[in-house]
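Lettering of chains follows the sequences in order, A, B, ..., and the numbering in each one begins at 1.
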Number of protein chains: 2
Amino acid sequence: MTPAQSLATLQRSLGDPTLSYPLWPPMTSGCPRTSTDEISYPVEVDYAYDQVDPVLFATATGRGSSLDHWAPLLPPLAAPGLGEGGTPLIEVETGVFIKDESRNPTWSHKDRMNRCTVSAAVASGAPGIVVASSGNHGASAAAYAARAGLRCVVITGPELPPAVDSFLNAYEAVVLPVPWEARWPLMRRIVDRTGLHPVSSLTTTHTGHAFGPEGYKTIAYEIHQDLGVPAAVFVPTAYGELLFGIWKGFTELRRIGLTERLPRMYACQPTAAAPLAEAMRHGAPAAHVTVGLTEAYSIVSPVSGYRGVVTIQDSGGQVLELSDAQLETANQELARAGLWTELSSAAGLAGLRTVVDLDGPVVCISTSSGFKNRSVGLRRTETIAPDWDDVRSRLHAAGIRD
Amino acid sequence: MTPAQSLATLQRSLGDPTLSYPLWPPMTSGCPRTSTDEISYPVEVDYAYDQVDPVLFATATGRGSSLDHWAPLLPPLAAPGLGEGGTPLIEVETGVFIKDESRNPTWSHKDRMNRCTVSAAVASGAPGIVVASSGNHGASAAAYAARAGLRCVVITGPELPPAVDSFLNAYEAVVLPVPWEARWPLMRRIVDRTGLHPVSSLTTTHTGHAFGPEGYKTIAYEIHQDLGVPAAVFVPTAYGELLFGIWKGFTELRRIGLTERLPRMYACQPTAAAPLAEAMRHGAPAAHVTVGLTEAYSIVSPVSGYRGVVTIQDSGGQVLELSDAQLETANQELARAGLWTELSSAAGLAGLRTVVDLDGPVVCISTSSGFKNRSVGLRRTETIAPDWDDVRSRLHAAGIRD
């Protein structure tokens, strides 16, 4: 199936929305005209919104067809898909919905982004892609590159979780674990020397790929189809691409005339690494922080990006800083509801638990599966003898009586 | 959302289809009237097919709502769902579709079954469930039990993969790893002593839970909605519950008048453990084999069940025996298409590669994700210095030129 024609028209600066650029080539280092040595501003994609066929939003989507379904409001989908999107909302208590993004092709939200960024690489005629990531982003990029027949280089840190290591190697990606501080210079050098298309950020403060967050808009479209517009959306946040993409999707729904209401957006960061909170405190477009200890590795970043500030300001939202203990509590709460998630993925629900007085249903984004936790595989339950007295006492300890 | 009313009427013996039993209590040890000391015959669920509203099949399903959608043709769904089902078909070459069951709530097909079996436990008023499993079935059962507020005991062997161990513990299941030969006697004892509801087999040859394979029928319904009836379906097979469930779904579509055609069903087993192949060779309803070495642990069983024989015979299908090398080749082929699967999950595609002259599109069921392989986490790519000459030679080795 060939997706419908994209209505994308141009790239627009977030630093100065009156500035725009042609749609091609995709901008992978933010807006050159507004960025400075200290702050980089991202660009986003603009569309011919007046040409959107209303049937698009009236038709049900499902079964992982969602990015193809929404092709008119995405950059051209030149790379083949893997059935990304179309994830369910699970109601864990009345009015509290988990958007379970672990149901994507590589079991994280990143697939929505990489369908778009790898499409940019394909349409640009690049021989492959390069990505700096220690987790979900790299695995997802490697999958879409493999599917498109492109080479993939993943630059990662020494802290690469073993399961993700296996994952990347299954896709025959070139995995380069280097010291943390060497990652971005090496990425830049590989881009300059090889022509590989970069699908993660190359700039001082975070910008990333212009087309990436567009894929996340489809989360908003899906939520709107399933639930309408919720009172708030709680989003595990590192750089703010997911946060911004979801927000942009809702603003487009308003622009197209499908809703007047918009949700408050809550960015949920680990206390140990909350650069967006720091930026908001100082009224800055982005900020750097020293990263502390946390197990929520997927949302650890020493630097934020301007997309996060735009989202929090425009939506009347807030940045929430969460301890590992709060994340762990939310993780356990999700497990009791049947959902085993990565610790980072529990940040949405953990954030909700710190906020009161929300008027209406809320959605917490759960980004990925418990298999991606660094602790996975470390636990080994020892084999026991099938002695009934021993078994019986174990059952009793769990509240099971004979 | 409360699912629509079930049209289930009674339980029917596969050993003698003229024999039936009331719908309650759910039968967890097969058909007592036809089973002998050597061979146990399963039961299945019958429905008031003449009362099925044609709108049921005319309405699109999607986004993980599929079991609720199909409630009329399932046993009563008394346990809350997790958005199981609604998985996509991924076309990996013209006419070859992968049904990606790793997109379920616990990332395997077993969720379709456990929604049904845990529903039986809830409706029976059991305090919890007990399951013998070293992998996907146990994790899935634990998730549905947690969601329903039931206790869960998982009896497993010494070979429990570390990642699955972490998974079960996240759900606070009681994990009892015992020597292989002690599993079934212990399961029986726990059922007899505690009243926990068994959701895996208790009999000499495999029968399992009467309600379980009903959940798998929805795979056939979904394939039919997306593709029509394919020429063949290739199914990774241990006991044959998945194989039978999919087949039953297609036969129901014919019975309701939605198709005249039925697919050939191919059971894909590891050569090292192919009891269904053995049963077919001897014209027996089930067989025992000595299990050899294979990494495809999810489809290893020393014993088959009668459901497999029924499916192969009635569909004009075949049992295919596959070496680990063939499974590995198919696994790599799937990775090149962007799909990282468990080795057992590649059995469907590996089976297809051994069959010629199929007339029309085919579906290979991929049951679960690569995260569940025993080898996951064993590989550790070593950190390297960001030395350009070294990086360059690694890039060159992968065909990337500067």
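- By number of non-hydrogen pairs under 4.5 angstrom with chain A, the leading residue of G157(B), P127(B), A397(B), P177(B) is P177(B).
- Chain B forms more heavy-atom pairs under 4.5 Å with one residue of I190(A), L196(A), V174(A) than with any other, namely I190(A).
- Considering only heavy-atom pairs separated by less than 4.5 Å from chain B, the leading option among A142(A), G370(A), P105(A) is P105(A).
- Interface check for chain A: of the options L160(B), D100(B), N331(B), L395(B), the most heavy-atom pairs under 4.5 Å are formed by L395(B).
- To the nearest 0.5 Å, the span separating CD1 on I384(A) from CD1 on I155(B) amounts to 9.0 Å.
- Between the side chain of Y171(A) and the main chain of A335(B), no donor-acceptor pair closer than 3.5 Å is present.
- Here N104(B) is the residue among V175(B), N104(B), L186(B) with the most heavy-atom pairs under 4.5 Å with chain A.
- Contact count against chain B (heavy-atom pairs under 4.5 Å) is highest for V178(A) among T106(A), V178(A), V164(A).
- Counting only distance, with no hydrogens or angles, the side chain of R103(B) and the backbone of G83(A) share a donor-acceptor pair below 3.5 Å.
- Environment of CD in E382(B): sparse, with no more than 12 heavy atoms of neighbouring residues, nucleotides or ligands closer than 6.0 Å.
- Heavy-atom pairs under 4.5 Å with chain A peak, among R189(B), R394(B), R401(B), at R189(B).
- Interface remark: T156(A) contributes no atoms to any contact with chain B (heavy atom separation under 4.5 Å).
- Heavy-atom pairs under 4.5 Å with chain A peak, among S140(B), A182(B), G128(B), S369(B), at S369(B).
- Considering L176(A), N169(A), V154(A) in turn, N169(A) is the only one that fulfils the side chain to side chain contact (heavy atoms under 4.5 Å, CB included) rule with T381(B).
- Neither the backbone nor the side chain of L334(B) comes within less than 4.5 Å of any heavy atom of chain A.
- The aromatic rings of F167(A) and W340(B) lie parallel to each other, their planes meeting at an angle below 30°, with 60° marking the opposite boundary.
- With a threshold of 4.5 angstrom between heavy atoms, P386(A) approaches chain B through its backbone and through its side chain.
- Heavy atoms closer than 4.5 Å to chain B are found in both the backbone and the side chain of L339(A).
- No other option in D390(A), V153(A), V92(A), D402(A) has as many heavy-atom pairs under 4.5 Å with chain B as D402(A).
- When each of A145(B), G81(B), S102(B), P80(B) is scored by its heavy-atom pairs under 4.5 Å with chain A, the top score falls to S102(B).
- Proximity to chain A is limited to the side chain of I400(B), based on heavy atoms less than 4.5 angstrom apart.
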Worked check of side-chain contact (heavy atoms from CB on, under 4.5 Å) between V391(B) and R193(A) = CA-CA 12 Å; V391(B) 167; R193(A) 295 285 188 95; over 6 Å; no

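- Within the 4.5 angstrom heavy-atom criterion, only side-chain atoms of R151(A), from C-beta onward, approach chain B.
- Within the 4.5 angstrom heavy-atom criterion, atoms from both the backbone and the side chain of V376(A) approach chain B.
- Interface summary for chain B: among Q332(A), R392(A), R183(A), R336(A), the most heavy-atom pairs under 4.5 angstrom belong to R336(A).
- When heavy atoms are compared at a cutoff of 4.5 Å, P158(B) approaches chain A by way of both its backbone and its side chain.
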